[in-house]
Amino acid sequence: MIQPFTSDPLRWVSEDGQPIRELPARFTPELLRELHRQMVRAREFDKKLVTLLRQGRTTFYAQASGMEATQVGLAHSLRVGHDWVWPYYRDHTLGLAMGISMLDIVSQCLGTNSDLCRGRQMPHHFGVLDKRFVSISSSIASQVPPAAGTAMAQKYLGTDEITVCTFGDGATSEGDWHAGLNMAGAAGAPCLFVCENNQWAISTHLREQTASETIHIKAKAYGMPGYYVDGNDIVAVMEVLGHVAERVRAGEGPALVECLTYRIGSHSNADADAEKHYRTREEVAEWEARDPITRVERLLEHLGAPLDPQELWDLVAATHREVDEAVLAAEASGQPGWDIMFEDVYADKPIHLRVQEDFLRAEQAAGGRA
Amino acid sequence: MTATQHQAQAGTAAGETRTLTLIQAITEAMREELARDERVVIFGEDVGARGGVFLATAGLQAEFGKERVFDTPLSEASIVGAAVGMAVRGLRPIAEIQFADYMGPGFDQIISQAAKIRYRSGGQFTAPLVIRTPSGGGVKGGHHHSQSPESYFTHTPGLKVVMPSTPYDAKGLLKAAVRGEDPVIYFEPKRLYRAAKGEVPAGDYTVELGKGAVRREGQDLTIIGYGGVMPDAERAAAALAAEGVQAEVIDLRSLVPWDRELVLQSVAKTGRAVLVSEAPRTSNFMGEVAYVIQEELFDRLLAPVVQVAGFDIPYPYVQDKIYLPGPNRIAAACVQALNY
């Protein structure tokens with residue numbers, strides 16, 4: 001039985017890869033290998049994108065390294081393309097695991113013609129309609145009240161969809177976060193709120209973020225269950241999120257799940273050397289020892305189905321090739337020009353935008369610069 | 001709406017018009033849109049059983065049920081945010097913010113989510129929604145029940161902003177807003193809720209967003225306004241007519257987009273423009289109208305564009321009537337333009 005409001009994070013697999021509860025039957029070596037493959041793929045994607053950033057081919061990157069069990073586990077706990085997702089800006093591992101193509105994510109990071117969002121936002125703010133993965137806003141927690149609204153619409157329409165809303169620990173200090181949870185609670189809307197608690201909001205640690213002992217206990221105030229999970233244990237993440245998602249889908253109202261994890265990398269390239277400024281190398285090393293990918297490898301060893309090192313190297317190499325190919329394909333599509341700047345502001349193009357577009361057209365035609 | 005009014009409405013044939021107040025026209029628009037389209041839902045603080053503090057939604061919950069017309073927690077961020085999320089999922093929400101003065105807590109939802117989701121997603125996700133809110137002074141409400149914050153919203157690309165001043169426009173503009181594909185901030189001049197009465201067709205019609213209306217024709221100068229100031233603008237024009245001056249009066253109705261063509265045609269004819277609003281003067285939307293007039297018609301102007309606006313002070317309680325531009329202040333501005 002999976003209980004809300006536990007004092008310690010729920011866990012199935014210990015840090016050294018030993019099952020500490022009975023391993024559910026679905027976690028066969030085959031499934032664990034597939035989950036492992038997706039986690040490694042995302043980790044390597046992170047590394048490649050940081051390289052791309054250093055080469056000056058993109059301008060911003062927010063790593064999710066260390067958070068793979070939470071995000072891959074979440075992707076496997078929802079019905080992709082059926083349920084709706086209001087994500088936050090560090091969810092590319094979730095996106096990849098949901099089957100969003102590398103080309104789509106890389107294209108958004110590079111702002112090329114192949115970007116579904118038409119080069120309108122800084123890197124890492126993708127959105128993909130056919131996966132119902134809503135385009136990301138940088139404004140922290142601003143996705144929370146809309147997620148409540150999407151869930152209210154699902155309830156109104158009588159669908160069996162749920163809405164998943166993700167955010168970091170910092171977001172839980174925003175007014176919109178409380179407003180959104182309260183709204184979903186009052187409406188009994190099928191919304192699954194997932195806190196990816198990586199303990200750092202840029203340079204502000206969780207203990208400075210809130211005096212609350214944990215995030216998940218805040219659910220109590222909004223009349224919904226709050227679950228506390230070891231976010232580096234993918235078995236625990238999938239067991240809890242799977243259970244809670246079906247509870248939400250069954251019409252039992254919204255729920256909050258706090259996945260305790262860690263941001264191994266910096267917040268973004270803007271604070272590239274986090275350990276020099278606001279946190280210790282010891283702390284990072286302590287969490288690296290709890291790495292979610294290593295834990296699955298150890299579990300596979302325990303189950304007598306260890307990974308072949310060659311298989312791992314092949315996977316890493318294949319992922320690097322996949323990123324390189326996505327980058328080449330994206331760059332080959334070119335960059336959008338001035339002529340789409342005035343589109344998608346409104347469904348139509350009002351007169352004042354046409355006047356401004358005419359000005360820009362004339363300036364550009366004359367070879368002018370802004 | 002009362003049972004008597006229901007019967008009265010049921011008895012009207014298509015195409016027939018009745019005299020309604022501005023707020024009755026708003027209620028009628030919502031009732032007809034609820035009946036027309038199941039995707040339309042209405043919510044906000046106290047809009048259900050109570051029918052809203054001004055009774056704009058009176059009777060709608062009883063008629064259409066609690067699933068379609070409902071009360072929300074007291075949180076503007078939730079109300080606006082929920083509207084965004086519903087619209088993204090395919091509904092046509094009409095959200096009420098009880099007073100425009102309380103849009104602050106919902107501001108980020110309006111400017112970061114509603115206004116930008118179409119652009120930032122390359123058109124993949126859209127938020128066709130309407131936020132209705134009573135605004136403006138003249139009801140002895142002090143500064144938290146009297147402000148005119150429309151300029152904040154005209155300054156954010158992606159939003160459409162409208163403000164009717166007649167019952168006919170109130171119904172037609174609201175219907176057009178509900179059926180449009182963009183987020184619309186629909187300001188309701190609260191002092192005209194019951195003061196403005198006019199003929200309203202019983203049947204379905206819309207008033208296109210972005211089109212102004214000529215309220216009175218004239219050739220000596222053009223008075224341009226919107227919302228709560230319109231009756232006083234017309235009173236000023238009537239007073240001037242008694243002195244032999246024929247003022248043309250234009251009601252913008254929509255601020256974003258606004259009817260440049262109608263305004264420029266009129267000012268090209270008269271050579272004089274007086275812009276009237278009750279919002280504070282600095283960064284007032286009418287500053288943009290003045291800019292376009294001088295940009296397009298500099299050599300046709302016979303006088304500098306004159307602006308009558310609210311003062312740059314928090315809206316005062318005791319001096320409510322002194323603060324608002326009334327017919328005398330508007331007429332004096334017209335005389336200033338005429339005597340230049």
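Since the structure is predicted, the reported quantities are computational estimates derived from the model, not experimental observations. Naming: A, B, ... by sequence-line order, numbering from 1 per chain.
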Donor-acceptor pair, side chain of A/Tyr346 and main chain of B/Leu159, under 3.5 angstrom: yes
Do B/Ser78 side-chain atoms and A/Met183 backbone N/O form a donor-acceptor pair below 3.5 Å? no
Do A/Ile351 and B/Glu261 have side chains that approach each other closer than 4.5 Å (heavy atoms only, starting at C-beta)? no
How many angstroms lie between CZ in B/Arg118 and CD in A/Glu343, if you round to the nearest 0.5 Å? 11.5 Å
Taking every heavy-atom pair that is under 4.5 Å apart, which of B/Ala77, B/Gly158, B/Pro257 has the most such pairs with chain A? B/Gly158
Using atom types as modelled and distance alone, determine if a side-chain donor or acceptor of B/Tyr119 lies under 3.5 Å from a backbone N or O of A/Met341. yes
Heavy-atom count around A/Arg79 CZ within 6.0 Å, excluding the residue itself: above 12? yes
Any ion pair linking A/Asp348 and B/Lys160 (charged N to carboxylate O, less than 4.0 Å)? yes
Using atom types as modelled and distance alone, determine if a side-chain donor or acceptor of B/Gln109 lies under 3.5 Å from a backbone N or O of A/Pro145. no
Between B/Val256 and chain A, with a heavy-atom cut-off of 4.5 Å, which part of the residue counts as in contact: side chain, backbone, both or neither? side chain
Toward chain B, the part of A/Val355 with a non-hydrogen atom under 4.5 Å: side chain
Might you confirm whether atom OH of A/Tyr61 has over 12 heavy atoms from other residues, nucleotides or ligands at distances under 6.0 Å? yes
Using only atom types and a distance under 3.5 Å, with no angle test, would you say the side chain of A/Arg120 pairs donor to acceptor with the backbone of B/Ser121? no
Counting neighbours of NE2 on A/His82 that are heavy atoms of other residues, nucleotides or ligands and sit closer than 6.0 Å, is the number greater than 12? yes
Side chain / backbone / both / neither for B/Arg120 at chain A, heavy atoms under 4.5 Å: both
By a 4.5 Å heavy-atom criterion (distance strictly below it), what part of A/Ser138 contacts chain B: side chain, backbone, both, or neither? neither
In terms of heavy-atom pairs under 4.5 Å with chain B, which of A/Gly175, A/Ala153, A/Ala148, A/Ala147 leads? A/Ala153
Using a distance-only test with no angle check, is there a side-chain donor-acceptor pair under 3.5 angstrom linking B/Arg89 and A/Tyr156? no
Which is it for B/Phe70 and A/Met152 under the side chain to side chain contact (heavy atoms under 4.5 Å, CB included) test, yes or no, and what are the steps along the way? CA-CA 12 Å; B/Phe70 54 91; A/Met152 290 162 78; 3.8 Å; yes
So which of B/Ser112, B/Ala87, B/Ser75, B/Pro105 has the biggest tally of heavy-atom pairs under 4.5 Å with chain A? B/Ser112
Looking only at B/Val88, B/Val84, B/Leu209, the option with the highest number of non-hydrogen pairs under 4.5 Å against chain A is B/Val88
I need the residue from A/Glu161, A/Arg132, A/Gln154, A/His125 with the largest number of non-hydrogen atom pairs under 4.5 Å to chain B. A/Glu161
Whether over 12 other heavy atoms sit under 6.0 Å from B/Glu67 CD: no
More than 12 foreign heavy atoms under 6.0 Å from NZ of A/Lys349: is that the case here? yes
Under 4.5 Å heavy-atom distance to chain A, tell me which part of B/Val41 shows up: side chain, backbone, both or neither. side chain
Side chains of B/Gln113 and A/Trp86 in contact at under 4.5 Å (non-hydrogen atoms): yes
Under 3.5 Å, is there a donor on one side chain and an acceptor on the other for A/Ser139 and B/Asp108? yes
Nearest heavy-atom approach of A/Thr150 to B/Gly85 is OG1-O, 2.7 Å
4.5 Å side-chain heavy-atom contact, A/Phe133 and B/Gln124: no
Contact origin within A/Gln108 toward chain B - heavy atom pairs under 4.5 Å: neither
With side chains defined as the heavy atoms from C-beta onward, is the minimum distance between A/Val134 and B/Ile117 less than 4.5 Å? yes
Check: B/Glu181 side chain, A/Ala347 main-chain N or O, donor-acceptor pair, under 3.5 Å: no
Among A/Val128, A/Thr159, A/Asn182, which residue forms the greatest number of heavy-atom pairs with chain B at distances under 4.5 Å? A/Val128
For chain A, find which of B/Arg39, B/Glu38, B/Lys116 contributes the most heavy-atom pairs closer than 4.5 angstrom. B/Glu38
Segment of A/Leu157 engaging chain B (4.5 angstrom heavy-atom cut-off): side chain
